[in-house]
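Worksheet: the structure to be examined is printed underneath.
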Number of protein chains: 2
Amino acid sequence: MSSPDRPLQNPNQQAQVFERVRQAHQMEATEDYVELIDDLIRTQGEARLVEVAERLGISQPSAGKTIARLQRDGYVTSEPYRSIFLTDKGKQLADSSRARHDIVFKFLLAIGVSEETAKLDSEGLEHHVSDETLGVFKRIIKQQVKK
Amino acid sequence: MSSPDRPLQNPNQQAQVFERVRQAHQMEATEDYVELIDDLIRTQGEARLVEVAERLGISQPSAGKTIARLQRDGYVTSEPYRSIFLTDKGKQLADSSRARHDIVFKFLLAIGVSEETAKLDSEGLEHHVSDETLGVFKRIIKQQVKK
DNA sequence: GCCAAATCTTAGCCATGGCTAAGTTTATGC
DNA sequence: GCATAAACTTAGCCATGGCTAAGATTTGGC
Ligand SMILES: [Mn+2]
Ligand SMILES: [Mn+2]
Ligand SMILES: [Mn+2]
Ligand SMILES: [Mn+2]
């Protein structure tokens, strides 16, 4: 029942690890919103607040507040009572976020995770995968396809 | 340059995916704290606030506030100016969190990610891995060891 | 074209998790 | 054992991201 040794690492190193997670979380809402807005524009022609809120499972005022922040930070534009548009910056973030999300999703499928679980897990995992790890994921997806 | 089809899923289903990520994030601080506190008790004999704060890379008052919440929720006990102890509930959460964290870390190593990146990525990823995916990770770690 | 329903905004609330500044208590060194 | 340093608490600030209730605007049906 004894647990394996786990020597403490350098305090400053460890602090940098947690700092990086906090940074990832700071971008998370932004990435999920622009990705969703882009999906809605592609498939429905426009992104309405009511639909963004419904798909996130939150209230319209909550979604509206975050949209205001996204506008403040230059990811979207929106006028009162109108639908939401992505800026170039927002579109670029949406594209890269979706690409990363898709790789994480396909990777999970490739190693044998079910569709349903892959969909659930990838929504959270996507924001914490480094470029290096993403590269490894891509390689494994390719190998799987070959077989 | 065209992107693959990505039909929108059912709104309610999608909302449940995001709801699950929000739940995971709600437990995240708790898990990281009890895991760290347990590590400190194991290796240093006790967990002092000053060290918790230093290793998380945040101020002492910030760490203290979260410790107060953990106490309120029954994960730790602490008296003013004394070190921090885990309750049974806290110890159990620490153990399962560490086990999961270790599996995610070792899985990344097993598929070819570097030590440094595995350490960084696993700190965020650990909170979003379902039991099903964790099972697949374990299997792949075992296979790797056999080779 | 008008009324009702849908959509969106505004106002105000809350919890979490960051911060700094300043005060209190405990520990340490001499 | 006393002075100083270290550790901890308190107070008060902020941003994010949830909520409800209620008011404003737009849309759609007839
Ligand atoms: Mn995504
Ligand atoms: Mn996501
Ligand atoms: Mn996360
Ligand atoms: Mn973590």
Does any non-hydrogen side-chain atom of [Y] lie less than 4.5 Å from one of [X]?
X: B:E123; Y: B:E28; value: no
X: A:I37; Y: A:I67; value: yes
X: B:T87; Y: B:Q71; value: no

What protein N or O atoms touch nucleotides 13-17 of chain D N or O atoms at under 3.5 angstrom, if any, and at what distances?
| unit_1 | atom_1 | unit_2 | atom_2 | d |
| --- | --- | --- | --- | --- |
| D:dT16 | OP1 | A:R72 | NH2 | 3.2 |
| D:dT16 | OP2 | A:R72 | NH1 | 3.3 |
| D:dG17 | OP2 | A:R69 | NE | 2.8 |
| D:dG17 | OP2 | A:R69 | NH2 | 2.4 |
| D:dG17 | N7 | A:K65 | NZ | 3.2 |
| D:dG17 | O6 | A:K65 | NZ | 3.4 |

If you check the [X] side chain, which of [options] turns out closest?
X: A:P61; options: C:dC19, D:dT9, D:dA21; answer: D:dA21
X: B:S59; options: C:dT10, C:dC19, D:dC8; answer: C:dC19
X: A:V50; options: C:dC19, C:dT9, C:dT7; answer: C:dT7

Starting from [atom2] on [N], measure out to [atom1] on [X] and report it in whole angstrom.
X: A:I67; N: D:dG18; atom1: CD1; atom2: P; value: 12 Å
X: B:Q60; N: C:dT24; atom1: CD; atom2: P; value: 17 Å
X: A:D32; N: D:dG18; atom1: CG; atom2: C1'; value: 15 Å
X: B:I58; N: D:dA7; atom1: CD1; atom2: C1'; value: 16 Å
X: B:E51; N: C:dA27; atom1: CD; atom2: C1'; value: 17 Å

Ignoring hydrogens, what is the shortest heavy-atom contact between B:V104 and B:S122? Give both atom names and the distance. CG1-CB, 3.9 Å
Flag if over 12 foreign heavy atoms under 6.0 Å of CG, B:N10: yes
Kindly indicate, with the supporting measurements, whether the criterion side chain to side chain contact (heavy atoms under 4.5 Å, CB included) is fulfilled by A:R55 and A:L40. CA-CA 10 Å; A:R55 287 181 174 275; A:L40 290 173; 3.8 Å; yes
Contact list (N/O, under 3.5 angstrom) for nucleotides 24-28 of chain D vs protein:
| unit_1 | atom_1 | unit_2 | atom_2 | d |
| --- | --- | --- | --- | --- |
| D:dT25 | O4' | A:Y81 | OH | 3.3 |

Contacts under 3.5 angstrom, residues 107-117 of chain B side chains, donor-acceptor by atom type, not counting sequence neighbours:
| unit_1 | atom_1 | unit_2 | atom_2 | d |
| --- | --- | --- | --- | --- |
| B:S114 | OG | A:E132 | OE1 | 3.1 |
| B:S114 | OG | A:E132 | OE2 | 3.2 |
| B:S114 | OG | B:T117 | N | 3.3 |
| B:S114 | OG | B:T117 | OG1 | 3.2 |
| B:T117 | OG1 | A:E132 | OE1 | 2.3 |

Is the distance from the ring center of A:H128 to that of B:H127 below 6.0 Å? no
I'd like to know if the side chain of A:R98 and the backbone of A:E35 have a donor-acceptor N/O pair within less than 3.5 Å. no
